[in-house]
Amino acid sequence: MGMDFSSLRSLLRRCCVGEEKWVDSRTVYIGHKEPPPGAEAYIPQRYPDNRIVSSKYTFWNFVPKNLFEQFRRIANFYFLIIFLVQGYEDWLRHRADNSVNHCPVHVVQHGKVVRKQSCKIRVGDVVFIKEDETFPCDLILLSSSRDDGTCFVTTASLDGESSHKPDLYKFVGRVNVYMDSEPVARPLGSENLLLRGATLKNTSMNAFLVVYLCILIGKALVNTVLKYVWQADPGRDEPWYNGRTDGERQRHIAIRVFTDFLAFMVLFNYIIPVSMYVTVEMQKFLGSYFIMWDDDMFDKELGERAIVNTSDLNEELGQVEYVFRDKTGTLTENNMEFIECCVDGHVYVAQAICNGQVIPGSDTMDMIDSSPGPQARVKEEEFELLEVLTFDSVRRRMSVIVRASTGEVYLFCKGADSSIFPRVVSGKVEEVKQRVEHNAVDRDRRLADAYEQIETDLVLLGATAVEDRLQEQAADTVESLHQAGMKVWVLTGDKMETAAATCYASKLFRRGTHVLELTTKRTEEQSLHDALFDLSRTVLRPHRRGGAGGGGMVRDPASTLSGVDCSDFGLIIDGAHAPEGQEGTSSSNSSGSGNYKEIFLEICRNCSAVLLLPDGAAAEGAVLGTERWEEADPEGRRGGDFYFVNVRFCVPSRVFPPDRELIKASKEHPITLAIGDGPTTMILEAHVGIGIMGKEGRQAARNSDYAIPKFKHLKQMLLVHGHFYYIRIAELVQYFFYKNVCFIFPQFLYQFFCGFSQQ
Amino acid sequence: MASGYNAKEEDGGGHLSAAAGNGGGGGAGAVNSKKPDNTAFKQQRLPAWQPILTAGTVLPAFFVIGLIFIPIGIGLFVTSNNIKEFEIDYTGIDKSSACYNCAQNFSWNSTTPCSCSVHFILEQPFESNVFMYYGLSNFYQNHRRYVKSRDDSQLNGDLVSLTNPSKECEPYRKSEGLPIAPCGAIANSLFNDTLELYYVTNNSKTPVSLVKKGIAWWTDKNVKFRNPGGNNNLTVAFHGTSKPVNWRVPVYELDPTDVENNGFINEDFIVWMRTAALPTFRKLYRIIQKKADLTPTLASGQYILEVTYNYPVRSFDGRKRVILSTISWMGGKNPFLGIAYITVGSVCFFLGVVLLIIHHKYDNRNSSADIPN
C-alpha cells in the first residue's frame, strides 16, 4: 500500500479501546474493503466497538454481577438497598458515558463523509477529524491537511496540559508503510476503576463480624451448657406444670442440645450488626449529597460544583495522609502568560514584544507551539522552512531549519535551558543565564532560543519567560493540608530550581523546611548508596545530623537548625541520576536493592513534602508521565500507598523490584489521595482519587471518585467534609455496636431467670 | 456557658448575585442550574448543639442532679415504707407449720381436699383497700415451653379452636380423646388453692369479706377472654370438651357462687393466664374493700388464714405465700426505687464535691471555664 500521504485526506484508524493489546498484531482493512484476491487469507477479526465504558456494570449483567459481588461478603441479607444505590451511581456513569458516546463524528464511507455517533465507530473506519475536535477513539494518522503530513495533538483531556505535541508515543505496529509520526491519543480505559472503598471497608468490617460472631457463638454455647447443668434436676427440667410432649421426650439428647444451641444463636443473633451495612451505606450515599450541595465548593467561573462518583469513600477523605498531585493545571492555572524576553542579554518586558509577532507567523512557518512555555519565534518572514525537528521529551528542544533569503541555512532551536546551554558556544550566555535563573526563581518557566550554524555550536539568542500563575488560594490550601498533618507529594516536569521555587510559593516548602535533595548533582559526588544513607540518617536522626557528613546535601546551614526540632523535611528527588545509580547497584548486587528501597521509603515517609522531578527523558513529563504511571502501577498498587512514585521517578523497577513481602511488612497502610486534572492512573490507583474539572478535559472528573472545580476546594473537601464524615461514620458505627450490646445483653441475663429456655 | 454552636457563617446571597452577574445570557442559566441551593439543610447549617463538658457545666450539673434526686428518692422511700405489707409462707416445709401434713400427703387423686389453718397476728392496722396476693417461688411461668402453651383464639371464644385447639397446647391439648378447654400448660397449672381470711375476736372467727371481682385487667376480661357462644348456659357451650387434666372442676364451674364469673372470663383464671416474668412472682387474689366507717380495713389483731391445699409445689422446690398489702400512688411496696434515687443523687453530689475540690486545688490555668474536664 504505497501511500503518498501528503496527497491523502486524513485517514485515521482506530486501534482499540479498553484492553490495551499492544502486543497483538492486527490486520485492518481500510474502509472495510475486502482484501484483493490473492492476498493472504482474510480472517475477519472482531474488535470491540468504540464505546467508552467507565461504568462497571452493563444493563444485563447488573443483577448477577452485583449479586455476585454482594454475596462474596459475609453478611449479605440487606444488600438490596446497596444494590439500588450502586445501580443509581452506575446509572449516572452511564449517563456521562452516553454524552460522550453520542457525540457526532465524521466518518469517510465510500468516499463520502458521513456523520455517526462516536460509539458506532468500528475498527477500520476512516475518521475525519477537523481542527479542535476531540479524537473519538484511538487513531492512526494517515494524513493531515498540513503540508508535512503531521498533526498536533492537545492532550488536555488526558493529562490536563494544553500543550501541542506532535507525537505522544511511538506506535509499535506493523504499519511501517506510513510515516514515523503517528499521533495516537488513547482515551483512557477505566475498566480498572475499582470501587476501592468497598473492599477496603469490608476487610475491617469482616474483622468486626468475626469478633461478634465469636461472641455470639460463645454466648450461645455458655447458655446451652448452663441450661443442661441447670436441668440436671428433673424437677426443673420438667415440672408437673410444664410437661414435654412424647415426641420431645424421645428426641436424642444430642439433637436437643443442638437445637437448643441453634435457638440461642437465633436469640442472640442481633449482636451481629447486619443492618449496619445498610445503614452505613445509606448514610454514605445520602451524605455524599452534602458534598455536592456545598455552596463553598461551587465555582462561579466554571459554573461547576463538586461531583461525587463514589460514595463509599466519604470517610476516607478525612483520613488521608499522603496527597499526590501534579503541578500543571492542578496547582497552577495552566494559563501561560508571557512575562519577559531576553535577547542578546537585553531584557524586554511583556508588552515590548507582543505575542502578535508569533501568531501571524507566515504560512511557511505556521508553527504551533509545541510545548507549553515557548512561543515559536519568527525572525524574518522570508525564511524558507526546510525541516522541523519536532519536540521530544528526551532532547527537550525543538529546532527549525530554515533557509534565509540570503541563502544561508539557519537552525533555530528552542527548548529547556538545561538542554540548550550545553550546546551553546557563543552569545551572551552568562547574562541570559543569570536572567534565566532569576526568572526561574520567580517561578517562571523559561526557555532559551538558540541559533546554530553547525550541529552543536549554537549561538544563544535569548530567552523568554512565561508565567503560569498559581491557582487562587493554592498556597493556602497546601498550607492547610500541611497543618492537618498530611504529606504532599508533587510531581512536575520543571527543572529543579523552578520546581523548588514553585514549592516555596505554594508553601509546600516553608521557611523552616529542611530541604533535602536527591539529585544528579549529589549523586555525581557520592554513590547512590551513600546519598541514600546520608539522607536517611539526616531524616531519621535530625539532632545528630551535624557531623554526619550529609552537609553536602543540606541546604540550610546546620546552625539554624541545631536548636529547632526539624521534623519538617522537604525532599527533592530528581530522576536523572537513576540510570547510573542503577547500573552500580542492580548489576553488582541485586539483593541489596531491597535495602535501598527500605531506606528510600523511610526517607520519603519522614518528609512532609516531596517534590518529584522526572528525569531528562520525562522532561515535559505529564504525558509521558501518564505512560510511566501505568508502568509503575503494579508496584504502587501492591504497596497500597505511594510506592509507585519511587519506581517511577527515582529508580526504575529493576532496582526496586516489586517486593510483596516488604510492602506487606509496612504496616501502616496510610490512605493516599491523588489529585489531578488528567485521568492518570494515579487517580485510579490511590485510595481516593480527586479529579479537577479543568478548563479542558472532563476525563479526570469522570474517572475519579470525586471531582472538584478548583484545587482550593480540596481544603474544604478534606478538612471539612472528610472530617465530618469520618466523625459521623465513627459515631454511627459506635452507636450501632452500643445499641446491639444494649439490646442483647439483657436478653442474655434474662436466660438466667427463665430456666435458659430461650424465652 | 461553654457550648458550641455548630453552624456555619451565613454568607448571605453574595454567591448568588455574583454568579448571576457573572454569566451572561445562556451561561447564567447553566451556572444557576448547577449552583447548589443555599438552604440551611443543604449547606449543613441547621442549628445543632453539642455540649462541651467543662468544669463550669459539669460541676453544677452534678450538684443539680444530686439535689433533685435525693429528695425524690427520699419521697419515694418514705412512701414505700408507709405501705404496709404482710407476708405468710404457708408451703408447709417445716414440721411445725400448719400445712405440713397437707404438703406431705398431697396426691392428685385425693377427692377430699386437705385444709389447714395458719394463724398470724397483724401488728398494725391496715387502712384503705387491702390487696391479697398469692405468691409462688421457683415457679417458671416464664419458661418458653410454658409461655407458648396456650391457645388465645380458644380463650377468645372461638368455636373452632374450642374443639380443635392449637398444636402449641401439646401435651395439654386433648384428654381422653376430647379437646381440653382451656388447653395448654398455663391453664392446666391454674393455681387452685382456696384462701379464706378470718379475724379472731374473743375466740370467735369473723370472716373477712374478700372481693373476687376487679382483680383482672379490664381488657383481658372484656376483650381478650370470652366464653364460646356468649355467657348463657356454659355447660352447653363447653359440651364436647374436657377439663384440664389437673383441674378438679370444669372451666364453667370455677366459681360456684357467681355465674357471671365462670368460663374463660373467670377472673382468677384470667389473672393466672397473664404469665409472670420472673420465677418468683405474686398474683392478685382478692381485694379487701375499705369499710364505710372509719375503722381500719384490717384491724390489728389475730387472724386465721384458712387454706384449702390443692396446689403442689414441693416437687420443684417451690414456695407458696400469701401477701396482704396496701397500695399508694406509686403502687405496691417497692423500696428499691427510692434507694436507687437516693444512691444516684448521693453519688452525683459526692462526685460534684470531689471534682470541685480537684478543680479548685489543681486548676491553675487562667481560662478555667474553657478547659474541658
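Quick note on labels: first sequence line is chain A, next is B, and so on, each numbered from 1.
The side chain to side chain donor-acceptor pair (under 3.5 Å) search around B:S175 returns B:S242, not counting sequence neighbours. Not counting sequence neighbours, B:D317 has no partner by the salt bridge (charged side-chain N to carboxylate O under 4.0 Å, His left out) test. For A:C754, there are no disulfide bond (SG atoms under 2.5 Å apart) partners two or more places apart in sequence or in a different chain.
Of residues 138-145 of chain B, those residues with a non-hydrogen atom less than 4.5 Å from any non-hydrogen atom of chain A are, in numerical order, B:N138, B:F139, B:Y140, B:N142, B:H143, B:R144, B:R145.
A:D295 and B:Q43 make their closest contact through N-OE1, 2.6 Å (heavy atoms, listed as atom of the first residue, atom of the second, distance). Residues B:Q44 and A:F724 share a closest heavy-atom pair of OE1-CD2, 3.5 Å.
Around atom CZ of A:F752, more than 12 heavy atoms belonging to other residues, nucleotides or ligands sit under 6.0 Å away. In this structure, A:F261 places its CZ atom where more than 12 heavy-atom neighbours from other residues, nucleotides or ligands lie under 6.0 Å away.
With rounding to the nearest 0.5 Å, the separation of OG1 in A:T245 from OH in B:Y172 is 10.5 Å.
Both the backbone and the side chain of A:E238 come within less than 4.5 Å of a heavy atom in chain B. Heavy-atom distances place both the backbone and the side chain of B:S315 under 4.5 Å from chain A. Looking at A:M292, the atoms closer than 4.5 Å to chain B (heavy atoms on both sides) all sit in the backbone: N, CA, C or O. Heavy-atom distances place the side chain of A:Y750, and not its backbone, under 4.5 Å from chain B.
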Would you please test B:I186 and A:Y241 for side chain to side chain contact (heavy atoms under 4.5 Å, CB included) and show each step? CA-CA 8 Å; B:I186 310 176; A:Y241 57 83; over 6 Å; no

Start with the C-alpha distance between B:S189 and A:W240, add both sets of side-chain angles, then the distance that settles side chain to side chain contact (heavy atoms under 4.5 Å, CB included), and finish with yes or no. CA-CA 8 Å; B:S189 57; A:W240 65 263; 3.9 Å; yes

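Aromatic pair A:F290/B:F41: centroids less than 6.0 angstrom apart.
Counting heavy-atom pairs closer than 4.5 Å to chain B, the top-ranked of the candidates A:G243, A:A263, A:G247 is A:G243. For chain A, the option among B:S149, B:A277, B:G184 with the highest count of heavy-atom pairs below 4.5 Å is B:A277.
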